[in-house]
Amino acid sequence: MSYVLALCLALCWGTAFLATKNFVEVLPPYWGTFFRVLAGLLFFIVLYGIQRKNLKCPVKQLWRPWTIGLLLILLPFAAISWGQRFVAPTIGGIFNGTVPIWSFIAGALLLKGEDRFTWRRAIGVTIGMLGLLVIMRPMIAAAQLDASPLALYGCAAFLIMAWSYSLGNVLTKKIMVDSNAMTMEANTFHQYLFAAIVLLILAFCAEPVPPAAAFTPKVVLSIISAGVFSSAVAFLLMVALIKRWGATRMASVTYFTPVVAMASDMIAFGRMPSGAEIGGLCLIFVSLILIQKKVEAETK
């Protein structure tokens with residue numbers, strides 16, 4: 001059963017980039033991100049309403065879910081929407097696969113005593129950075145030839161996504177662990193509510209309101225896929241796996257996210273991955289193995 005959950009989680013995470021690609025081709029990025037978050041928020045409202053969960057949060061504690069919502073929902077989702085306009089879903093999936101590398105770096109810097117650099121980990125981080133450079137090198141060369149850096153802008157957005165996820169993962173341990181004032185359900189609800197409100201304000205201020213004609217069945221289904229399955233359902237699957245496997249083993253699902261993104265790209269658009277993408281992904285896998293094996297050895 002645990003492996004079925006892991007497979008479902010990889011499918012949810014890996015297909016997020018294809019779904020986002022589908023709706024940002026029609027909707028402005030902030031509006032697209034808002035509707036994605038709104039879909040997730042509505043899902044949790046219905047689910048927690050049926051379950052009669054307590055969603056109250058003391059006003060003095062609101063900064064906690066708001067901070068995590070900024071780092072784990074608002075910033076990364078907006079970065080994905082912005083960057084996915086310029087690159088293929090495969091690229092987004094690969095950059096998402098680097099989150100454990102950045103999480104380790106952030107943890108080593110912010111959580112003294114929990115994560116620390118060793119020679120093995122330092123080599124792993126270096127190999128991961130090399131993998132990103134391999135992927136981006138053709139884009140750099142193309143930008144130099146035709147002075148069109150849009151693909152690089154997309155990669156920069158995905159780096160922001162990965163950094164935001166990693167910082168959010170680390171700060172979740174740091175600022176939420178001592179908070180007994182709210183339930184997990186209340187924490188999740190207020191994260192989504194905060195992200196939805198801020199995104200709605202940003203969208204109204206920065207972009208034109210999309211016409212009703214823009215919401216074709218493909219766009220609506222893509223928003224539901226990204227907002228409900230790739231975000232809300234994925235969160236519930238992640239929590240279930242953490243309870244069964246622990247956080248370290250659950251993180252191994254990250255290995256399959258780029259593969260799913262690459263497969264969805266091939267099926268939807270017939271796009272075959274380039275040699276640079278495959279080579280860079282292999283280097284990132286090696287990096288993750290070097291970092292995670294060390295973590296597993298220290299937790300036994």
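Because only heavy atoms are used, hydrogens play no part in the values below, and waters and symmetry mates are left out as well, while side chains stay in. For reference, positions follow the sequence shown, starting with 1.
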Q: Does some side-chain heavy atom of Pro258 sit less than 4.5 Å from a side-chain heavy atom of Asn96?
A: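 No, their side chains stay 4.5 Å or more apart.
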
Q: Testing the basics here: between Cys155 and Ile91, what is the closest heavy-atom pair and its distance to 0.1 Å?
A: SG-CG2, 4.2 Å

Q: Donor-acceptor check, side chain of Trp163 to backbone of Phe158, threshold 3.5 angstrom: yes or no?
A: no

Q: Would you call Glu277 and Arg271 a salt bridge, using N to O less than 4.0 angstrom?
A: yes

Q: Taking it one step at a time, do Leu70 and Gln191 satisfy side-chain contact (heavy atoms from CB on, under 4.5 Å)?
A: CA-CA 8 Å; Leu70 172 69; Gln191 287 180 29; over 6 Å; no

Q: Quick one: list whatever passes side-chain contact (heavy atoms from CB on, under 4.5 Å) with Ser264, sequence neighbours left out.
A: Leu18

Q: Tell me whether Ser222 contacts the main-chain N or O of Asn22 through its side chain, where contact means a donor paired with an acceptor under 3.5 Å.
A: no

Q: Which heavy-atom pair separates Val134 from Gly279 by the least distance, and what is that distance?
A: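 Where Val134 meets Gly279 most closely, the heavy atoms are CG1-C, 4.4 Å.
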
Q: Let me confirm one number: the CG-CG distance from Leu72 to Leu171, rounded to the nearest 0.5 Å.
A: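 So the gap between those two atoms works out to 9.0 Å.
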
Q: If you measure from CG on Leu290 to CD1 on Ile101, what distance do you get to the nearest 0.5 Å?
A: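 Here the rounded value is 10.0 Å.
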
Q: Without swapping roles, check the side chain of His190 against the backbone of Leu55 for a donor-acceptor pair under 3.5 Å.
A: yes

Q: State plainly whether one hydrophobic cluster holds both Trp31 and Leu221, where clusters connect Ile, Leu, Val, Met, Phe, Trp and Tyr through side-chain heavy atoms under 4.5 angstrom apart.
A: no

Q: Is there a side-chain contact (heavy atoms from CB on, under 4.5 Å) between Ile223 and Leu27? Walk through the geometry before answering.
A: CA-CA 10 Å; Ile223 289 172; Leu27 302 177; 3.8 Å; yes

Q: How long is the straight-line distance from SG of Cys57 back to CH2 of Trp63, given to the nearest 0.5 Å?
A: 11.0 Å

Q: Would Leu150 and Arg85 satisfy side-chain contact (heavy atoms from CB on, under 4.5 Å), going step by step from the backbone distance to the final call?
A: CA-CA 9 Å; Leu150 293 181; Arg85 296 178 299 163; over 6 Å; no

Q: Can you establish whether the number of heavy atoms outside Arg137 located under 6.0 Å from its atom CZ is more than 12?
A: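 Result for CZ/Arg137: open.
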
Q: Which pair of heavy atoms, one from Cys12 and one from Leu237, lies closest together, and at what distance?
A: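 Distance-wise, the nearest heavy atoms are SG-CD1, 4.0 Å.
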
Q: Do the ring planes of Trp82 and Tyr153 sit parallel (below 30°), tilted (30 to 60°) or perpendicular (above 60°)?
A: tilted

Q: Linking I/L/V/M/F/W/Y whenever their side-chain heavy atoms sit closer than 4.5 Å, directly or via other members, would Val99 and Leu133 fall into one cluster?
A: no

Q: Mind listing the closest non-hydrogen atom pair of Val87 and Ala151 along with its distance?
A: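 Here Val87 and Ala151 meet closest at CG1-O, 3.6 Å.
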
Q: Quick check: is Leu11 connected to Leu241 through a chain of hydrophobic side chains (ILVMFWY, heavy atoms under 4.5 Å apart)?
A: no

Q: Check whether any side-chain heavy atom of Thr188 sits under 4.5 Å from a side-chain heavy atom of Tyr48, and report yes or no.
A: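 SC-SC contact between Thr188 and Tyr48 confirmed.
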
Q: So, for Phe35 and Phe215, is the gap between ring centers shorter than 6.0 Å?
A: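 Phe35 vs Phe215: aromatic centres under 6.0 Å.
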
Q: Given side chains that start at C-beta, do those of Leu200 and Tyr30 come closer than 4.5 Å, heavy atoms only?
A: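 Not in contact.
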
Q: Are Phe17 and Thr90 packed together at the side-chain level, in the sense that at least one heavy-atom pair is separated by less than 4.5 angstrom?
A: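 They are not in side-chain contact.
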
Q: Would you call Phe189 and Phe194 a side-chain contact if the rule is heavy atoms closer than 4.5 Å?
A: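 No, too far: nothing below the 4.5 Å cut-off.
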
Q: Between Lys21 (side chain) and Gln84 (backbone), is there a donor-acceptor pair under 3.5 Å?
A: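 Present.
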
Q: For Thr183 and Asn54, test the side chains for any donor-to-acceptor distance below 3.5 angstrom and give the result as yes or no.
A: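 Short answer, no.
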
Q: Determine whether Phe34 and Leu38 make a side-chain contact, defined as any pair of heavy atoms from C-beta on separated by less than 4.5 Å.
A: yes

Q: Verify side-chain contact (heavy atoms from CB on, under 4.5 Å) between Met238 and Val253, making sure each step is shown before the conclusion.
A: CA-CA 9 Å; Met238 182 184 70; Val253 177; over 6 Å; no

Q: Strictly by modelled atom types, are Thr33 and Ser81 linked by a side-chain donor-acceptor pair under 3.5 Å?
A: yes

Q: Any idea which heavy atoms bring Leu5 and Ala240 closest together, and the distance?
A: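 That closest heavy-atom pairing would be CD1-CB, 4.2 Å.
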
Q: Using the side-chain contact (heavy atoms from CB on, under 4.5 Å) criterion, which residues pair with Phe43? Sequence neighbours excluded.
A: Leu47, Val228, Ala232, Val233, Leu236

Q: Counting only heavy atoms not in Phe86 (residues, nucleotides, ligands), do more than 12 fall under 6.0 Å from its CZ?
A: yes

Q: Should Val239 and Leu7 be counted in the same cluster of Ile, Leu, Val, Met, Phe, Trp and Tyr side chains packed under 4.5 Å apart?
A: no

Q: Any heavy-atom pair between the side chains of Val125 and Phe104 that's under 4.5 Å?
A: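 Result yes, sub-4.5 Å side-chain heavy-atom pair found.
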
Q: Assess the pair Tyr192 and Phe44: is the distance between their ring centroids shorter than 6.0 Å?
A: yes

Q: Roughly how far, to the nearest 0.5 Å, is the CD1 atom of Ile105 from the OG atom of Ser166?
A: 8.0 Å

Q: What are the two closest non-hydrogen atoms of Ala106 and Val170, and how far apart are they?
A: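 Heavy-atom minimum between the residues: CB-CG2, 3.7 Å.
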
Q: Working to the nearest 0.5 angstrom, can you tell me the gap between Met262 CE and Ile94 CD1?
A: 4.5 Å

Q: Under 3.5 Å, is there a donor-acceptor pair between the Arg36 and Ser231 side chains?
A: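 Side chains of Arg36 and Ser231: pair found under 3.5 Å.
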
Q: Checking the side chain of Ser225 only, and the main-chain atoms of Ala19 only, is there a donor and an acceptor separated by less than 3.5 Å?
A: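 No, the answer is negative, given that no donor and acceptor are paired below the 3.5 Å cut-off.
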
Q: Is there a path of hydrophobic side-chain contacts, each under 4.5 Å between heavy atoms, that joins Val260 and Leu9?
A: no

Q: To the nearest 0.5 Å, how far apart are OG1 in Thr126 and CG in Leu283?
A: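 Between atom OG1 of Thr126 and atom CG of Leu283 there are 11.5 Å.
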
Q: Do Leu288 and Thr98 come close enough that some side-chain heavy atom pair is under 4.5 Å?
A: no

